[in-house]
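Structure first, commentary second.
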Amino acid sequence: MPLPRCLAGAVFYAGSMNETFARSLAQQARNLGLDALTVEEADAESLRIFARAVLVELAALGLVPGEESLGCWARPRAKGH
């Protein structure tokens, strides 16, 4: 299911996310042959690999459940949120 228009494009630029991180995700998508125009026809394995990479980084930021070890892009969230 695609992101709602209000979120598309804003997700990885909000808050402390930076352009370098977004460009890294874009490169990973290209390496896997993924793009927003053909996602419905994309290979399930490529989508799983990409989704896992995104979720690992989000977990490292404390934004979704998972291991909260720091990756190269992640910074821990401020306590008390």
Side-chain angles (χ1 to χ4, degrees):
M1 177 189 317
L3 286 172
R5 275 212 185 271
C6 62
L7 294 178
V11 173
F12 293 108
Y13 290 99
S16 66
M17 297 295 181
N18 61 39
E19 187 174 344
T20 304
F21 177 62
R23 287 183 186 278
S24 174
L25 290 178
Q27 184 62 53
Q28 289 180 50
R30 284 190 295 274
N31 291 346
L32 292 166
L34 300 173
D35 65 52
L37 298 175
T38 59
V39 70
E40 297 300 323
E41 296 83 33
D43 174 60
E45 181 67 9
S46 295
L47 289 171
R48 187 191 65 75
I49 291 167
F50 184 72
R52 184 175 193 292
V54 171
L55 290 169
V56 164
E57 292 299 332
L58 293 176
L61 289 166
L63 299 172
V64 297
E67 292 184 40
E68 293 185 12
S69 62
L70 295 179
C72 59
W73 302 109
R75 292 190 310 236
R77 289 183 74 185
K79 299 293 182 204
H81 289 296

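The first residue of the sequence shown is numbered 1, and numbering continues consecutively from there.
- Listed here is the closest heavy atom pair of Pro65 and Ala59: O-CB, 4.0 Å.
- Considering CD of Glu40 and CG of Leu47, their distance stands at 9.0 Å, rounded to 0.5 Å.
- Distance check, rounded to the nearest 0.5 Å: CG of Asn31 to CD1 of Ile49 gives 11.0 Å.
- Expressed to the nearest 0.5 Å, how far CZ of Phe50 lies from CD of Glu45 amounts to 14.5 Å.
- The distance from atom CZ of Arg23 to atom CD of Gln28, rounded to the nearest 0.5 Å, is 14.5 Å.
- Atom CG of Leu34 is separated from atom CD of Glu41 by 11.5 Å, given to the nearest 0.5 angstrom.
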